[in-house]
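Below: one structure, written as structure tokens.
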Amino acid sequence: MVAATLLGQLAHAGTLHVRDADTIVVDGTPVRLNGVDAPELDTRSGQDAKRWMVNFLRGKSVSCDLNGERTHDRWVGVCYADGEDVGAAVIAAGHALDCRRYSGGRYRHLETPAAKSRLKRAKYCG
């Protein structure tokens, strides 16, 4: 099952697409994972992170709690795969960093030493 909560409304969906490690598309609704700083797809790390995300989400029930904010064409929110915070999982797996400006630092403790030395933190994340 794929679902997205948009401004208090729950939408059930049947499709899920991974754009990259910090954006998934739930039944046609692009969702930017709040507080996740993942590498861009034009890097090897970005390709590895996307591959990890595709494998992590495969076969799982996904739901997203959207906060009503938008960035570009995406809604911003926290998504869960079988109840596990997807943002926390991708950071703990070493494929992304915490974006403190938006997460309030809630994922900082999950950053791996390897990811901190290998990935470049986006300037807007602080």
Side-chain angles (χ1 to χ4, degrees):
M1 178 188 88
V2 179
T5 303
L6 177 58
L7 303 175
Q9 297 180 352
L10 185 65
H12 294 281
T15 63
L16 177 70
H17 170 73
V18 175
R19 278 192 190 170
D20 57 29
D22 59 25
T23 302
I24 62 176
V25 181
V26 180
D27 196 31
T29 300
V31 180
R32 171 67 164 85
L33 299 177
N34 190 34
V36 177
D37 178 17
E40 297 301 320
L41 285 176
D42 62 355
T43 66
R44 180 181 175 133
S45 293
Q47 290 292 322
D48 291 345
K50 178 181 178 178
R51 188 175 312 107
W52 181 90
M53 183 67 77
V54 168
N55 290 329
F56 176 74
L57 295 176
R58 184 175 289 125
K60 293 185 176 165
S61 174
V62 175
S63 64
C64 299
D65 292 323
L66 307 180
N67 66 14
E69 295 176 17
R70 290 183 66 112
T71 175
H72 304 288
D73 71 325
R74 306 166 296 182
W75 290 97
V76 178
V78 177
C79 295
Y80 301 90
D82 288 345
E84 183 179 358
D85 182 332
V86 176
V90 71
I91 292 170
H95 291 289
L97 298 171
D98 175 63
C99 186
R100 186 179 61 199
R101 177 177 175 189
Y102 296 105
S103 73
R106 75 176 172 270
Y107 297 133
R108 181 75 81 179
H109 70 284
L110 299 172
E111 291 181 339
T112 66
K116 287 194 280 188
S117 68
R118 179 175 41 87
L119 302 177
K120 180 180 176 184
R121 192 176 311 274
K123 290 179 184 175
Y124 63 82
C125 287

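Computed from a prediction, not measured in an experiment: that's the story for all the values here.
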Checklist entry - CE of M53 to CG of D22: how many Å apart, nearest 0.5 Å? => result 8.0 Å
Checklist entry - Mind checking whether I24 and C64 have side chains closer than 4.5 Å, heavy atoms only? => result yes
Item to check | Spacing of D65 atom CG and N34 atom CG [to the nearest 0.5 Å] | outcome: 11.0 Å
Item to check | Worked verdict on F56 versus E84 for side chain to side chain contact (heavy atoms under 4.5 Å, CB included) | outcome: CA-CA 11 Å; F56 176 74; E84 183 179 358; 3.7 Å; yes
Next on the checklist: Taking atom CZ as the centre, does R100 end up with more than 12 heavy-atom neighbours from other residues, nucleotides or ligands that are less than 6.0 angstrom away?
Outcome noted: no
Next on the checklist: Restricting to side chain to side chain contact (heavy atoms under 4.5 Å, CB included), what partner residues turn up for R118, sequence neighbours left out?
Outcome noted: S45, A115
Checklist entry - Which distance, rounded to the nearest 0.5 Å, do you find between the OG1 of T23 and the NE2 of H17? => result 10.0 Å
Item to check | Note, V36 side chain near Y107 side chain (heavy atom, < 4.5 Å) | outcome: yes
Checklist entry - Would you say R106's side chain and S103's backbone share a donor-acceptor pair under 3.5 angstrom? => result yes
Next on the checklist: Membership question, hydrophobic clusters at under 4.5 Å side-chain separation (ILVMFWY): are L119 and I91 in the same one?
Outcome noted: no
Checklist entry - Taking all atoms of both residues into account, what is the closest heavy-atom pair of L66 and W75, and its distance? => result CD1-CB, 3.8 Å
Next on the checklist: With a 4.5 Å cut-off on side-chain heavy-atom distances among I, L, V, M, F, W and Y, is there a chain of contacts connecting V90 to V78?
Outcome noted: yes
Item to check | Any side-chain heavy-atom pair of R32 and Y102 under 4.5 Å | outcome: no
Next on the checklist: Whether the side chain of D82 engages the backbone of K60 through a donor-acceptor N/O pair (distance < 3.5 Å, no angle test) should be reported.
Outcome noted: no
Checklist entry - If every non-hydrogen atom of K120 is compared with every non-hydrogen atom of L97, which pair is closest and at what distance? => result C-CD1, 4.4 Å
Checklist entry - What distance separates D73 CG from T29 OG1, expressed to the nearest 0.5 Å? => result 10.5 Å
Checklist entry - Hydrophobic cluster mates of L41, side-chain heavy atoms under 4.5 angstrom, ILVMFWY only, any path? => result none
Checklist entry - How far apart are the closest heavy atoms of R74 and R19, and which atoms are they? => result CG-NH1, 3.9 Å
Next on the checklist: Just verifying a value: how many Å separate D20 CG and T43 OG1, rounded to the nearest 0.5 Å?
Outcome noted: 10.0 Å
Checklist entry - If you round to the nearest 0.5 Å, how far is NZ of K116 from CZ of R121? => result 8.0 Å
Next on the checklist: Is the shortest side-chain heavy-atom distance between V26 and L16 below 4.5 Å?
Outcome noted: yes
Next on the checklist: Minimum heavy-atom separation for L33 and A21, please, with both atom names.
Outcome noted: CD1-O, 3.7 Å
Checklist outcome for this item: Taking every heavy atom of D98 against every heavy atom of E111, the minimum-distance pair comes out as N-OE2, 2.8 Å
Checklist outcome for this item: Between V86 and A81 the two heavy atoms that sit nearest each other are CG2-N, 3.7 Å
